[in-house]
Amino acid sequence: MTTENTPVSTDFIREIINEDNRAGKHNGRVHTRFPPEPNGYLHIGHAKSICLNFGIAQEYGGLCNLRFDDTNPCKEEVEYVDSIMEDVRWLGFDWEDRLFYASDYFDQLYDWAVQMIEAGKAYVCDLSAEQTRQFRGTLTEPGKNSPYRDRKVEENLDLFTRMKAGEFPDGTRTLRAKIDMASPNLNMRDPVMYRILHAEHHRTGDKWCIYPMYDFTHGQSDSLERITHSICTLEFENHRPLYDWYIQELGIFAPRQIEFARLNLTYTMMSKRRLLELVRDGHVAGWDDPRMPTICGLRRRGYTPEAIRNFCKRIGVSKVDSVVDIALLEHCLREDLNKRAPRVMAVLKPVKLVIDNYPDGQIEEMEAINNPEDAAAGTRLVPFSKVLYIEEDDFREEAPKKYHRLTPGQEVRLRYGYLVTCTGCVKDPATGAVVEVHCTYDPATRGGNTPDGRKVKGTIHWVSAAKAVDAEVRVYDNLFTKPDPGDVPDGQDYRVNLNPKSLEIIPAAKVEPSLASAKINDKCQFERLGYFSVDKDSQPGKPIFNRTVTLKDTWAKIEGRGAGGEG
RNA sequence: UGGGGAAUAGUGUAACGGCAGCACAAAUGACUCUGGAUCAUUUAGUCUAGGUUCAAAUCCUAGUUCCCCAGCCA
């Protein structure tokens, strides 16, 4: 290791695993798991955990299980189970035959609970939820023992059996661990192990009316699956002593829990509760709305698994609460899409460009490069004609400095077309809006070439008016207007930071004819605009494109900077 | 005035007592048939105060700030 001149740096989790392996802890065996609760859709924060757990297993030649922590039947649904499996697979990971559910272990957990009662380590408590809270004490004051704490083993056994048999209504009794009501760690103040819940479980149906708490389930589930390294988020650090206590009392295999900081992203909200609210209150169109940070939302937006995985690799992992700049995610996306997305021309805000000296009715097929980053992608033919659509933004009657586009007297290149010189425009006399831009072309510049070697600063994209295909384009922006959506005035909530312009629908964009046959989820780059992905709402002949991410726009920066000066 | 964690450029992350590095962002320039991509350059950091040491981001002491915990949620 000291001979290595380029030491590869490892994060603190891999370092712990390395130490364990060096010490021969599990004979080098590494087994992790991704343990979601099926009560919502997976988001980019989960992707971090998935990449960590499955990634570590791959790197160490180990295994990673998928296990649903389904101990609360009131919140969990198969819809979520299915979506989670789909998303993990889409991200590119495989749990093979190791799909588990905490509910698989309900019988074993029940037996262990009985065992703890018999050992005098657990008791049935008749306190109400409210009373339990009062007896628990506070952060600074110790709790008080429950009056039911010293029940005899036989009575506890009888009561617990009858809880299971359904003799008592919800909330009337709990099974609690007998630990220490004075512990400074509130999790150790006789935590509830089982509660009564007459609820239908998505897997076990009505077999049970008592359900184990997460804390009495999670550690043992890891133990049963022989998980060597149980990786979870920071908020469970306080629970580790409790998991360790159960494991020790039960005398079973002890996984090692390691906690890391969950992912936060600027302009984004990651809490499942709030994401659910956004969906329920109709602020977005669903869990897979392309503005959502959910995996399915990102997928629909046009993200690739590669981009997300690379992002997870780059953000690293530590125990520091942090907020990652969404720009990094977008960078990873562009980096991936730049290599793979075919280039096409599309005009979002069309205005007609008429080439006055171009023959009426003539159509030329111009050869265009599909992807300058990938020679193997080849070329295609794009029809060119006298009347084209160009971007509204690409013409200014009065142009600012450094404006390299169409303005009277200025020559620009029509990408893969011809060089044209702007001669003026026609305006709607009523509104003053530009309805037509006029120009003349230089026939010697076919294909956009300049045989005389002359340089033009600007190149703009276009679509033949005669051959254009109509398309809807959905232009997305951040869902929130502030880097921290939770940054709100007193008495208000994150909803005031919802971005009213997070979605702009462009019903009548003009795209080149090759796009007529685009298939759902196809990705492409609209030259000079950004990357786009075909939405599932598309109809034959009427494609719908989601803007995945813009291209970096230097001009917008230049212009934005000068914006204070003049219009 | 309980317990558990964490502090390194704007952001994220390295360093394991020996030259504070990388990525994103930002800025400048080169190049360009995408104001894209690419390339080059620049700006910018060890929470504070003491101490140990030839040498401290790293070890010690004291403080400061932030996060988590009082669900029969996970």
Side-chain angles (χ1 to χ4, degrees), chain A residues 7 9-11 15 35-37 39 69-72 74-76 125 127-129 132-134 136-143 170-176 183-189 191-197 211 213-215 217-218 232-241 259 261 266 272-273 314-332 334-335 338-339 343 345 368-369 372-373 402-405 413-417 419 447-450 455-461 483 525-530 550-559:
Chain A
S9 82
T10 56
D11 58 69
E15 217 150 282
E37 183 192 12
N39 69 341
D69 270 334
D70 54 353
T71 54
N72 185 354
C74 306
K75 291 187 179 173
E76 295 147 9
C125 180
L127 255 26
S128 69
T132 305
R133 189 179 318 130
Q134 281 159 4
R136 187 155 31 227
T138 69
L139 293 178
T140 50
E141 300 158 17
D170 288 2
T172 52
R173 277 173 236 264
T174 55
L175 182 72
R176 301 176 66 181
S183 171
N185 181 345
L186 301 233
N187 294 123
M188 302 298 273
R189 321 243 262 228
V192 172
M193 297 162 62
Y194 268 88
R195 75 287 215 185
I196 301 172
L197 239 38
Y211 290 92
M213 298 290 292
Y214 173 85
D215 280 351
T217 305
H218 190 79
C232 66
T233 43
L234 250 29
E235 68 268 26
F236 293 105
E237 212 153 17
N238 293 330
H239 296 243
R240 179 155 31 96
E259 307 87 4
T266 55
K272 269 199 214 175
R273 203 193 97 234
R314 289 213 203 185
I315 56 176
V317 51
S318 72
K319 300 193 70 151
V320 191
D321 286 306
S322 59
V323 184
V324 175
D325 192 337
I326 188 96
L328 181 59
L329 214 211
E330 294 181 341
H331 168 81
C332 293
R334 290 192 185 101
E335 187 177 57
N338 178 48
K339 285 181 300 190
R343 272 60 169 173
M345 290 195 283
I369 294 166
E373 305 292 321
K402 296 189 189 169
Y403 184 81
H404 302 149
R405 309 177 187 183
R413 172 186 290 110
L414 295 174
R415 181 106 158 131
Y416 303 124
L419 266 56
N449 300 308
T450 51
K455 301 277 185 201
V456 270
K457 286 227 183 78
T459 296
I460 65 173
H461 61 276
Q525 182 196 100
F526 289 175
E527 294 218 23
R528 303 209 299 138
L529 297 177
T550 60
L551 251 26
K552 285 214 269 181
D553 191 345
T554 310
W555 170 246
K557 258 182 213 166
I558 295 170
E559 205 182 24

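In what follows, chains carry the letters A, B, and so on, assigned in the order in which the sequence lines appear, proteins first and then strands, with residues in each chain numbered from 1. The model shown is predicted, which means the values in this text are computed figures rather than measured ones.
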Reckon [X] has a side-chain N or O less than 4.0 Å from the OP1 or OP2 of [N]?
X	N	answer
R314(A)	U13(B)	no
R240(A)	G4(B)	no
H331(A)	C24(B)	yes
R528(A)	A37(B)	no
K557(A)	A26(B)	yes
T554(A)	G36(B)	yes
R343(A)	A37(B)	no
S318(A)	U13(B)	yes
T71(A)	C73(B)	no

Consider the side chain of [X], meaning its heavy atoms from C-beta on, and name the nucleotide among [options] that approaches it most closely.
X	options	result
D321(A)	G35(B), C67(B), A74(B)	C67(B)
N238(A)	G3(B), G35(B), C72(B)	G3(B)
M213(A)	G2(B), C73(B), A70(B)	C73(B)
K75(A)	C73(B), G12(B), G35(B)	C73(B)
N72(A)	A7(B), C73(B), G35(B)	C73(B)
R415(A)	U34(B), C72(B), A23(B)	U34(B)

Euclidean distance for [atom1], [N] against [M] (whole angstrom):
N	M	atom1	result
A14(B)	G21(B)	C1'	7 Å
C22(B)	U32(B)	C1'	28 Å
A74(B)	U11(B)	P	36 Å
A56(B)	U43(B)	C1'	27 Å
U52(B)	A57(B)	P	16 Å
A44(B)	A26(B)	C1'	10 Å

Is there a donor and acceptor pair, one atom on the side chain of E373(A) and one on the base of G36(B), closer than 3.5 Å? yes
Polar pair under 3.5 Å, donor/acceptor by atom type, side chain D553(A), base G36(B): no
What contact category does V456(A) fall into here, base, sugar-phosphate, or nothing, at under 4.0 angstrom with non-hydrogen atoms? nothing
